[in-house]
Amino acid sequence: ACVGALAIEITVDELGVAIVGLDGSVVHSRRVSRQRGGPSVVDAVADIAALVGALGVKSRDVNGRRLVGIGVAIAGLVDDATNVVVRAPNLDWTNVALGEQLSDALGLQLPLFVANDGDVGALAEARFGAGVGADNMVYVSGEVGVGGGIFVDGRRVAGRSGFAGEIGHMPVNPDGQLCRCGATGCWETEIGEVTLLVRAGRDPDGGARLIADVIEAAERGEPAATEALAEEARWLGVGIAGLINIFDPEIVVLGGFLGAIVPLIDDQLRARVEARSFQGLCRSVAVVGGALGGDAGLIGAAELAFEPLVSNPLIAG
């Protein structure tokens, strides 16, 4: 039988589940919007179980495809060894034993892996998307929060506690806003979804629908939207230039809504990045939108579940 993985994604605005193939293809998926500042952990787990049921997953075998594991992507810091969400500031979750709760709720008797959404998005783009062929890649994903992942010599930079890649919380503006993480002037507060919407004169809680509205308005030449995207390019350039100087990547991949706005800010962003590069040093780094769009998190989550199979193909039986 073909193999597959059950992928789960938990963001501030949405829950998503999917069956993903070994080649990164999303075979079946379901998503549901959620109220911002939304449900408790218990409610979220119950909603995910209902979505998985609606996807037709009742056992390890689904439509002729054998599931080998479950991967979960979440917007937060995760202890990979215990599947505990240590801190998810934009969800207001702290020390949540998410892996254990989901395993109990789903009852599928499958290995389950939880990881940061930025890390798994980077993994997906590195293996199947815009980063294919690049051993050194920086991935930046923008939603309500800003996350990311770093690949150096083909390996993800994890850090001492597995928390490396929290690039949305780089301090970039000492006179900036208070971030949900408790610090001041994080990159997330300058380039995140909420700030872009405020600068464009939209409801800060409008989510993806109003981000799409800002993009359409900028294409029409609306001044407020155009100026908001120009400021977005400015602060994106500050952070990306710093990441390039630290990690020396071949490519910077932008996911989430940041990928969607690349065509509108490409020239401005390139100028901002180059203005902060070492003068006289010829180092061309492509800054591109992700190739996987909104599926990057689910595809990357599935890759977590496939890792043991890739290491030992005999377990598929």
Side-chain angles (χ1 to χ4, degrees), residues 1 3-22 26-63 65-121 123 147 161-163 297-312 315-317:
V3 298
L6 175 60
I8 298 168
E9 185 176 28
I10 303 170
T11 69
V12 176
D13 291 325
E14 195 175 67
L15 299 174
V17 300
I19 304 298
V20 179
L22 195 55
V26 177
V27 182
H28 305 290
S29 66
R30 283 183 178 259
R31 295 181 184 271
V32 62
S33 297
R34 54 187 279 176
Q35 182 104 18
R36 185 160 297 184
S40 66
V41 178
V42 172
D43 289 340
V45 169
D47 289 346
I48 290 166
L51 271 180
V52 170
L55 199 62
V57 180
K58 310 294 184 186
S59 69
R60 297 181 62 165
D61 294 296
V62 185
N63 297 331
R65 193 178 292 267
R66 167 148 286 213
L67 300 181
V68 299
I70 304 168
V72 183
I74 183 166
L77 296 173
V78 177
D79 183 333
D80 295 341
T82 63
N83 287 332
V84 168
V85 179
V86 178
R87 184 83 175 93
N90 289 311
L91 294 167
D92 200 23
W93 291 4
T94 303
N95 292 325
V96 173
L98 184 64
E100 182 180 330
Q101 293 188 39
L102 279 174
S103 289
D104 290 345
L106 297 175
L108 294 172
Q109 305 301 313
L110 287 167
L112 186 147
F113 308 88
V114 183
N116 171 265
D117 61 343
D119 287 337
V120 302
L123 184 61
S161 305
F163 299 160
L298 288 170
I299 294 170
E303 286 299 289
L304 300 174
F306 283 131
E307 287 292 350
L309 175 62
V310 172
S311 302
N312 180 14
I315 68 173

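Below, each value reflects all heavy atoms present in this structure, side chains not excepted, and no hydrogens, waters or symmetry copies.
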Side chains of [X] and [Y]: does their closest heavy-atom pair fall under 4.5 Å?
X	Y	value
L102	I70	no
V12	L91	yes
V96	V45	no
T11	N90	no
V62	V27	no
H28	N63	yes

- Task: Mind checking the CZ-CD1 spacing from F113 to I8? Nearest 0.5 Å is all I need.
- Result: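 If I round to the nearest 0.5 Å, the distance is 12.5 Å.
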
- Message: Using 0.5 Å steps for rounding, measure from the CD atom of E9 to the CD1 atom of I48.
- Response: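 One finds 10.5 Å between CD of E9 and CD1 of I48.
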
Quick one: closest heavy-atom pair of [X] and [Y], and the distance?
X	Y	value
A73	V120	CB-CG2, 3.4 Å
A5	F306	N-CZ, 3.5 Å
I10	R34	CG2-NH1, 3.6 Å
L298	A7	O-CB, 3.2 Å

- Between L6 and L112, does a side chain to side chain contact (heavy atoms under 4.5 Å, CB included) hold up when you go through it step by step? CA-CA 9 Å; L6 175 60; L112 186 147; over 6 Å; no

- Task: Could you name each residue pair satisfying side chain to side chain donor-acceptor pair (under 3.5 Å) that touches residues 97-118, not counting sequence neighbours?
- Result: N116-E166

- Item | Pairwise salt bridge (charged side-chain N to carboxylate O under 4.0 Å, His left out) hits with a residue in residues 77-93, at least two apart |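 Listed once each, the pairs are D80-R156.
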
When the side chains of residues 13-22 are checked against the rest of the protein, which donor-acceptor pairs come out under 3.5 Å, sequence neighbours left out?
residue: D13; atom: OD1; partner: R36; partner atom: NE; Å: 3.0
residue: D13; atom: OD1; partner: R36; partner atom: NH2; Å: 2.9
residue: D13; atom: OD2; partner: R36; partner atom: NH2; Å: 2.6
residue: E14; atom: OE1; partner: R31; partner atom: NH1; Å: 3.0

- Query: What do the steps show when you test N95 against V86 for side chain to side chain contact (heavy atoms under 4.5 Å, CB included), and what is the final call?
  - Reply: CA-CA 4 Å; N95 292 325; V86 178; 3.9 Å; yes

- Task: Evaluate side chain to side chain contact (heavy atoms under 4.5 Å, CB included) for D47 paired with V32, printing each intermediate quantity in order.
- Result: CA-CA 9 Å; D47 289 346; V32 62; 5.6 Å; no

